[in-house]
Amino acid sequence: MWSAAYPRRLSQTLARLEVTLRFKRTTDATCADKVVSPKMASKRNLPQSGVDVEVPTAKPAPWAFVRAMGMFKSAVLIRYG
Ligand SMILES: [Cu+2]
């Protein structure tokens, strides 16, 4: 469920493309220091230098992710054509 308190964005891409998202954090004054998705094997730390996360695009489906604590929810919609 989206929170109205934090910004969110839905992006789209075509299935079977190689897609990498680069997450960047610009402050230490935040608890948003990890990236996690239900389809990721584990949480990824989000250092200020950033982290690249490959998006699984084999199947057309939404790929959602959040940053720590469930804040800053976003998703990539993977679709055919
Ligand atoms: Cu938080």
Side-chain angles (χ1 to χ4, degrees):
M1 184 173 142
W2 299 121
S3 162
Y6 298 100
R8 59 202 185 270
R9 175 174 294 171
L10 178 67
S11 303
Q12 295 189 43
T13 189
L14 296 178
R16 300 192 194 107
L17 292 181
E18 287 186 20
V19 177
T20 300
L21 294 182
R22 174 163 296 162
F23 293 85
K24 295 196 81 172
R25 177 165 60 85
T26 58
T27 177
D28 277 330
T30 179
C31 57
D33 60 356
K34 292 183 175 51
V35 179
V36 65
S37 166
K39 295 180 181 174
M40 287 168 60
S42 60
K43 290 180 184 176
R44 300 285 300 274
N45 286 325
L46 177 52
Q48 282 215 22
S49 57
V51 64
D52 289 349
V53 177
E54 292 184 12
V55 178
T57 62
K59 296 178 181 174
W63 185 79
F65 55 89
V66 300
R67 296 179 196 176
M69 295 173 63
M71 301 179 305
F72 305 108
K73 294 183 180 182
S74 302
V76 178
L77 179 61
I78 300 153
R79 60 183 174 80
Y80 288 131

* To do: Work out which heavy atom in Ala64 is nearest to a heavy atom in Ser37; give both atom names and the distance.
  => O-OG, 2.6 Å
* Heavy-atom closest pair, residues Ala58 and Tyr80 -> O-OH, 4.3 Å
* Hey, quick one: are Val55 and Val35 part of the same hydrophobic cluster, counting side-chain heavy atoms closer than 4.5 Å, chains of contacts allowed? -> yes
* To do: Apply the test ring-ring contact (aromatic ring centres under 6.0 Å, His included) to residues Phe65 and Phe23: give CA-CA distance (whole Å), side-chain angles for both, the deciding distance (0.1 Å), then the verdict.
  => CA-CA 11 Å; Phe65 55 89; Phe23 293 85; 5.0 Å; yes
* **Closest contact, heavy atoms only, Leu46 versus Val51** => CD1-CG1, 3.7 Å
* **Of all pairs that satisfy salt bridge (Lys or Arg N to Asp or Glu O under 4.0 Å), the ones with a partner from residues 25-50, not counting sequence neighbours** => Arg25-Asp28
* To do: Count the heavy atoms of every other residue, nucleotide or ligand shown that sit under 6.0 Å from CD of Glu18, and state whether that count exceeds 12.
  => no
* Can you check side-chain contact (heavy atoms from CB on, under 4.5 Å) on Leu21 and Val76, steps first, answer last? -> CA-CA 10 Å; Leu21 294 182; Val76 178; 3.9 Å; yes
* Asked: Looking only at heavy atoms, which two atoms of Cys31 and Met69 are closest? And how far apart?
  -> SG-SD, 3.0 Å
* Please assess Ser49 against Lys24 for the test side-chain contact (heavy atoms from CB on, under 4.5 Å), listing each intermediate value before the final yes or no. => CA-CA 7 Å; Ser49 57; Lys24 295 196 81 172; over 6 Å; no
* Minimum heavy-atom separation for Thr20 to Asp52, with atom names? -> CG2-CB, 3.6 Å
* To do: Under the side-chain contact (heavy atoms from CB on, under 4.5 Å) rule, what do Val53 and Met40 come out as? Steps first, then yes or no, please.
  => CA-CA 9 Å; Val53 177; Met40 287 168 60; 4.2 Å; yes
* Taking everything shown except Glu54 itself, do over 12 heavy atoms lie less than 6.0 Å from its CD? -> no
* Asked: Taking the side chain from Thr13 and the backbone from Ile78, do they hold a donor-acceptor pair closer than 3.5 Å?
  -> no
